2 protein chains.
Amino acid sequence: MALRVRKSKVSEPPPVCPLTACMKLLGGAWTPNVVWYLRGEPRRFGELRGDIGRISAKVLSARLRQLQASGVVVRNAVAGSPPSFEYELSELGRELVPAIAAIVAVGEKLKRRAVTRPAKAR
Amino acid sequence: MALRVRKSKVSEPPPVCPLTACMKLLGGAWTPNVVWYLRGEPRRFGELRGDIGRISAKVLSARLRQLQASGVVVRNAVAGSPPSFEYELSELGRELVPAIAAIVAVGEKLKRRAVTRPAKAR
DNA sequence: CTGTATCCAAACCGATACTG
DNA sequence: CAGTATCGGTTTGGATACAG
């Protein structure tokens, strides 16, 4: 009667949710962007930088390395007069795309809302 | 001939992708977890802490406040002998759930892979 | 052009201690 | 129980300069 009985299961939440596992791959704030802009054809460093916008070279470099280390991104050397490299998603990386796409979808809806609704009554 | 012609469009990437907008809501490493465990019925502070696992009280408090500020989470007072509060997702917050669900789905697949495949040939 | 190195600010997290 | 304050450590990110 006095006891506050409250079911502990929302719908059977996993002990350590896989969320964390996946989020480790998408670490920083820029990581999803890198993967996102790599979802199409292979891109070079400078192109990627231009695509993403205002990411600093250092951060892009760091994220790229991190993503290589976790097996999400592959770096391929392109033989030519100006030796350059191309980055592309690995098979693992491609599996992340749908998740990011879902985030993008929400982001678009959010932006639309922001325009429709003035300011959310602060 | 010598010119390296390279199309700049992957599939028409938006100027400033909505990804960033959405990621701002999902800031820290714990934020998605908080939203995730709030996807069902309203939860109290301690319950949430137990659900998530090893999150410190300070961080949970900070995330909760941040999510309230961004309109993702609502805090409701529950009248009773022990005055307590319940947190639940707002309408906006519910829109984030599918995105997080997608991440969780990938995370599950990842875990399964990790078991199936030994070590990815390091 | 492709990256990396250095310096520096800000955000995030954990542990502990403390108030209502 | 619910939540905040403080201290310290680690990570992330930006700007700039610089090496291949």
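Side chains included, hydrogens not; waters and symmetry mates left out as well; all remaining heavy atoms used. None of these values were measured; they are calculated from a predicted model. In what follows, chains are A, B, ... by sequence order, proteins preceding strands, each numbered from 1.
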Would a single hydrophobic cluster contain both A:L92 and A:V74, if residues Ile, Leu, Val, Met, Phe, Trp and Tyr are joined by side-chain heavy-atom contacts under 4.5 Å?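 Result: no, two separate clusters.
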Any residue meeting salt bridge (Lys or Arg N to Asp or Glu O under 4.0 Å) with B:K109, in chain and number order, not counting sequence neighbours: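 For B:K109, the residues satisfying salt bridge (Lys or Arg N to Asp or Glu O under 4.0 Å) (neighbours in sequence not counted) are A:E95.
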Mind checking if A:R49 touches a base, just sugar-phosphate, or nothing, with heavy atoms under 4.0 Å?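 Nothing: the residue A:R49, judged by heavy atoms under 4.0 Å, touches no strand.
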Expressed in angstrom and rounded to an integer, what is the separation of [X] atom [atom1] from [N] atom [atom2]?
{"X": "B:F85", "N": "D:dT4", "atom1": "CZ", "atom2": "C1'", "answer": "14 Å"}
{"X": "A:R54", "N": "D:dA15", "atom1": "CZ", "atom2": "C1'", "answer": "16 Å"}
{"X": "B:K24", "N": "C:dA10", "atom1": "NZ", "atom2": "P", "answer": "17 Å"}
{"X": "B:I55", "N": "D:dA2", "atom1": "CD1", "atom2": "P", "answer": "14 Å"}
{"X": "A:L48", "N": "C:dG3", "atom1": "CG", "atom2": "C1'", "answer": "13 Å"}
{"X": "A:F45", "N": "C:dT4", "atom1": "CZ", "atom2": "C1'", "answer": "9 Å"}
{"X": "A:E86", "N": "C:dT2", "atom1": "CD", "atom2": "C1'", "answer": "13 Å"}
{"X": "A:N33", "N": "D:dG13", "atom1": "CG", "atom2": "C1'", "answer": "13 Å"}

Return no unless some side-chain N or O of A:R44 is found under 4.0 Å from OP1 or OP2 of C:dC1.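 Checking C:dC1 against A:R44, no side-chain N or O comes under 4.0 Å of OP1 or OP2.
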Modelled atom types, side-chain donor and acceptor of A:R63 and A:Q66, under 3.5 Å: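 Looking only at side-chain atoms, A:Q66 and A:R63 do form a donor-acceptor pair, the distance falling under 3.5 Å.
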Below 4.0 angstrom, which residues in residues 57-69 of chain B have at least one non-hydrogen atom near DNA chain C?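 Within residues 57-69 of chain B, the residues near DNA chain C are B:K58, B:V59, B:R63.
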Counting only N and O atoms by type, is there a donor-acceptor contact under 3.5 Å from the side chain of B:R49 to the main-chain atoms of B:L60?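 No; judged by distance alone, with no hydrogens or angles, the pair does not exist.
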Salt bridge (charged side-chain N to carboxylate O under 4.0 Å, His left out) with A:D51: which of A:R43, A:R39, A:R44?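 Considering A:R43, A:R39, A:R44, a salt bridge (charged side-chain N to carboxylate O under 4.0 Å, His left out) with A:D51 is found only for A:R43.
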How long is the gap from CG on B:L38 to CG on B:L64, to the nearest 0.5 Å?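 Nearest 0.5 Å value for the CG-CG distance: 7.0 Å.
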